[in-house]
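Everything below concerns the one structure shown next.
Being a predicted model, the structure only gives us computed values, none of them experimental.
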Amino acid sequence: MNMDSSKNALGNTVLISILFACVLCLCIWSASLSNPLLFSFQRSNHCPSPSQTDMKTLEFPTDELELALVKASTPNKTVIITVVNQAYVEQSVDGETTMLDLFLESFWLGEDTRPLLDHLLVVAVDQIAYEMCFFKGLNCYKLETEGVDFGGEKIYMSQDFINMMWRRTLFLLDVLKRGYNFIFTDTDVMWLRNPLSRLSIYNESVDLEISTDRFNGDPESEKNPINTGFYYIRSNNKTVTLFDAWYGRKDNSTGKKEQDVFFDLMEEGMFGQLGLHASFLDTVYFSGFCEDSKDIKAVITVHANCCRSINAKIKDLTAVLRDWKKFKATGDEAAAARSAVTVPFSWTGHFGCLDSWNNNV
């Protein structure tokens, strides 16, 4: 009788353990589905590629940047990064919104983009931008630059603009050296859909995927006019060496912005010398004001490139989000009515940005 009781107790214990393990697995699986960025990277956690394993990541102390990166990153150390200053977070006297607010609104309105905010690190280059970021409950990091004021608007190609872009490049080099992959996005990029399905997150042979002002039709062509306002980069020895060389030309590139210098390195064959595999993003998916996407059903991001001022960008990006909401509403109405009729779509003209080249707007 006692032996039977012991067997029953043991059997119950085993059964309970199995049930607990099943519930735990189900919870983890459910969490993965609720967070598409986490789910997207899980496969690469178990089998690191040679480029990851032989990456000689420097040992960094647990400083404020490391803490911010750890908080925002996915399990495989990938983070989304944007850089803001006071002009991007504060509303002008006659303005209706800010660049940062438009950026965040695109994540709210986009398809499958809201969970990505958990992995967004907002890098503030001045105190007001940092305080605004913190107020909005985002993952924030203050980038200190002693003796330099990056707070006001930096007009395209002004010396202050060029200096701020180089400071950004140095910061991103630091992130790569710490072993973090990242998607860098300018704050004037609207995220209408989750980009992970189009980026080579799983293909670890691709080191860099970068947007273009105008896509020439060949994703492998180094003749594509690149735009450093949106790109995905994998941390490894090749990309760290590339960024080191890029920043190393800062003082010998008078009159050039950092993007021009990056293009020079590419034209000189540095990608090939490093064995770095770069891919160039099609504007059908990763579009901008230089070249609109011609497929609203496929477009992922819209960048306010080919534009000179913040006010002009805010005006035209507001129109982009309005166009997007109209498209979504039309689709919802057609679905509710079970209609197969396709409503023609066209983007509102980027008139603010066109005028910005002739006027100080």
How about [X] and [Y]: does a side-chain donor come under 3.5 Å of a side-chain acceptor?
{"X": "N227", "Y": "D213", "result": "yes"}
{"X": "S205", "Y": "N203", "result": "yes"}
{"X": "E66", "Y": "Y180", "result": "yes"}
{"X": "T82", "Y": "T187", "result": "yes"}
{"X": "T169", "Y": "W246", "result": "no"}
{"X": "N236", "Y": "D207", "result": "yes"}

Is any side-chain heavy atom of [X] less than 4.5 Å from a side-chain heavy atom of [Y]?
{"X": "K328", "Y": "D323", "result": "no"}
{"X": "F171", "Y": "L65", "result": "yes"}
{"X": "S211", "Y": "Y231", "result": "no"}
{"X": "S287", "Y": "V302", "result": "yes"}

* To do: Compute the ring centroids of F215 and F280, then answer whether they are less than 6.0 Å apart.
  =>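 Centroid separation for F215 and F280: 6.0 Å or greater.
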
* **Partner residues of T318 under the side chain to side chain contact (heavy atoms under 4.5 Å, CB included) criterion, sequence neighbours left out** =>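 By the side chain to side chain contact (heavy atoms under 4.5 Å, CB included) rule, T318 matches T97, L102, I314, R322.
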
* Partner set under side chain to side chain contact (heavy atoms under 4.5 Å, CB included) for L117, not counting sequence neighbours ->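 So L117 forms a side chain to side chain contact (heavy atoms under 4.5 Å, CB included) with L104, F107, L120.
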
Any ion pair linking [Y] and [X] (charged N to carboxylate O, less than 4.0 Å)?
{"X": "D244", "Y": "K177", "answer": "yes"}
{"X": "E291", "Y": "R214", "answer": "no"}
{"X": "K315", "Y": "D355", "answer": "no"}
{"X": "E258", "Y": "R168", "answer": "yes"}

* Among residues two or more places apart or on two chains, list those pairs meeting disulfide (SG to SG under 2.5 Å) that have a residue in residues 254-295. =>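 Disulfide (SG to SG under 2.5 Å) check on residues 254-295 returns C290-C306.
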
* Asked: Looking only at heavy atoms, what is the nearest atom pair of Y141 and E64, with distance?
  ->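 Shortest heavy-atom contact: CE1-C, 4.0 Å.
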
* Which heavy atom of L100 sits nearest a heavy atom of V89, and at what distance? -> CD2-CG1, 3.7 Å

* Asked: Is a side-chain donor or acceptor of N216 paired with a backbone partner of D218 at a separation under 3.5 angstrom?
  -> yes

* Okay, side chain of T330, backbone of K326: is any donor-acceptor separation there less than 3.5 Å? -> yes

* Asked: Taking everything shown except K136 itself, do over 12 heavy atoms lie less than 6.0 Å from its NZ?
  ->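 Result for NZ/K136: enclosed.
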
* Looking at K238, R234, E220, which hits side-chain hydrogen bond (donor to acceptor under 3.5 Å, both in side chains) with H277? -> E220

What is the ring orientation for [X] with [Y], classed by angle as parallel under 30°, tilted 30 to 60°, or perpendicular over 60°?
{"X": "F243", "Y": "F262", "answer": "perpendicular"}
{"X": "F289", "Y": "H350", "answer": "parallel"}
{"X": "Y247", "Y": "W166", "answer": "perpendicular"}
{"X": "F345", "Y": "W347", "answer": "perpendicular"}

* To do: With rounding to the nearest 0.5 Å, note down the distance linking CD1 in I162 to CD in Q259.
  => 12.0 Å

* To do: Identify, with sequence neighbours excluded, every residue that meets side-chain hydrogen bond (donor to acceptor under 3.5 Å, both in side chains) alongside T113.
  =>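 Scan of T113 (side-chain hydrogen bond (donor to acceptor under 3.5 Å, both in side chains), adjacent residues dropped) gives none.
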
* Asked: So which pairs with a foot in residues 79-93 pass salt bridge (Lys or Arg N to Asp or Glu O under 4.0 Å), sequence neighbours left out?
  ->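 Output for this query is empty, none listed.
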
* Which pairs, with at least one residue in residues 261-280 and sequence neighbours excluded, count as a salt bridge (Lys or Arg N to Asp or Glu O under 4.0 Å)? -> R249-E268, K256-D264

